[in-house]
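As structure tokens, the structure follows; a few thoughts come after it.
Just so you know, these numbers come straight off a predicted model, no measurement behind them. Chain naming here is simple, since letters A, B, ... match the order of the sequence lines and numbering starts at 1 in each.
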Number of protein chains: 2
Amino acid sequence: MNRVFKALSDPTRRRVLELLRQRPMTAGELSDQFTVSKPTMSAHFAVLREADLVDADKQGATITYRLKLSVLEDAILGFSSAFGIGTEPTLRKETQS
Amino acid sequence: MNRVFKALSDPTRRRVLELLRQRPMTAGELSDQFTVSKPTMSAHFAVLREADLVDADKQGATITYRLKLSVLEDAILGFSSAFGIGTEPTLRKETQS
DNA sequence: TTGGTATTTAGCTAAATATCGAAATGATTG
DNA sequence: CAATCATTTCGATATTTAGCTAAATACCAA
């Protein structure tokens with residue numbers, strides 16, 4: 001859980017997660033959205049994997065990253081509830097898209 | 001807003017915020033809850049101030065820190081809503097203490 | 001096998017961060 | 001005023017982080 005917060009502390013990584021929220025993308029597609037080098041992006045992906053915020057599946061030479069929304073959700077909701085933020089006691093399990 | 005996430009990336013600082021959620025506390029009281037030195041704690045307080053997550057008021061020699069819950073709330077809710085997490089569109093404007 | 005594409009690993013630098021002890025600041029109290 | 005208390009600033013060190021280029025790995029196609 002500390003790793004999740006560490007992962008979220010970098011704007012590039014937060015942006016990656018936002019992109020992945022729309023659809024899974026390959027490392028290359030993601031890298032194309034940023035101005036930093038591919039090795040740098042690869043390091044960001046590694047941080048996200050360590051935090052368990054994404055899943056990586058390899059199809060041949062390409063690797064597709066997918067957001068693990070439930071992990072992000074658990075971290076955010078857990079933190080929020082320690083502060084009484086947002087979601088009032090009715091812990092609603094809303095249909096996810 | 002990046003500063004908020006950076007501030008939240010350290011467990012000591014998150015814990016400070018949790019303590020302040022219960023009541024405002026002085027720098028000394030807060031420091032007593034941790035094993036690190038006072039200068040180190042002072043640096044953490046500075047990060048929290050820069051992120052605008054706390055307010056500091058000085059009464060004589062002592063400084064009382066107070067959580068700015070609305071700032072934390074805005075950051076978390078803003079982030080969460082980008083992911084459709086938790087709090088459904090009912091953007092409630094809660095009165096802050 | 002050779003060449004090309006996708007991605008990561010290795011090795012590095014520069015900058016940021018966390019930590020400390022010592023000293024400084026500022027208020028309070030004898 | 002001098003001592004003391006609360007807190008921060010200073011100066012130093014160690015660690016972590018983000019970034020780069022170059023090289024390695026893995027796969028695919030011809």
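Judged as a salt bridge (charged side-chain N to carboxylate O under 4.0 Å, His left out), and not counting sequence neighbours, the contacts of Arg66(A) are Asp57(A). In terms of the side chain to side chain donor-acceptor pair (under 3.5 Å) criterion, Arg15(B) has no residue partners (sequence neighbours excluded). In this view, Phe79(A) and Phe5(A), Phe83(A) satisfy the ring-ring contact (aromatic ring centres under 6.0 Å, His included) rule, not counting sequence neighbours. Residues satisfying the salt bridge (charged side-chain N to carboxylate O under 4.0 Å, His left out) test with Glu50(B), not counting sequence neighbours, are none. The side chain to side chain donor-acceptor pair (under 3.5 Å) search around Thr64(B) returns Gln59(B), not counting sequence neighbours. For Glu18(B), there are no salt bridge (charged side-chain N to carboxylate O under 4.0 Å, His left out) partners, not counting sequence neighbours. Residues passing the side chain to side chain donor-acceptor pair (under 3.5 Å) test with Asp52(A) are Lys68(A), sequence neighbours excluded.
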What side-chain donor-acceptor pairs closer than 3.5 Å can you find for residues 31-39 of chain A, not counting sequence neighbours?
| residue | atom | partner | partner atom | Å |
| --- | --- | --- | --- | --- |
| Ser31(A) | OG | Ala27(A) | O | 3.0 |
| Ser37(A) | OG | Thr40(A) | N | 3.3 |
| Ser37(A) | OG | Thr40(A) | OG1 | 3.0 |

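Residue Leu67(B) is tested with Val16(B), Leu19(B), Leu20(B), Asp55(B) for a side chain to side chain contact (heavy atoms under 4.5 Å, CB included); the sole match is Leu20(B).
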Please tabulate the protein-to-nucleotide N/O contacts below 3.5 Å involving nucleotides 28-30 of chain C, giving atom names and distances.
none

Extract from the structure each pairing of a protein N or O with an N or O of nucleotides 19-22 of chain C at less than 3.5 Å, listing the distance.
| residue | atom | partner | partner atom | Å |
| --- | --- | --- | --- | --- |
| dT19(C) | OP2 | His44(B) | NE2 | 2.6 |
| dC20(C) | OP2 | Ser37(B) | N | 2.8 |
| dC20(C) | OP2 | Ser37(B) | OG | 2.7 |
| dC20(C) | OP2 | Thr40(B) | OG1 | 2.6 |

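Using a 4.0 Å heavy-atom cutoff across all strands shown, Tyr65(A) reaches sugar-phosphate atoms only and no base atom.
Summarising the geometry, the separation between CD1 on Ile63(B) and C1' on dG26(C) is reported as 10 Å, rounded to the nearest angstrom.
Once you apply a 4.0 Å limit to the heavy atoms of chain A, the touched nucleotides of DNA chain D run 5' to 3' over dT17(D) to dC28(D).
Contact check of residues 45-54 of chain A against DNA chain D (heavy atom, cut-off under 4.0 Å) returns no residues at all.
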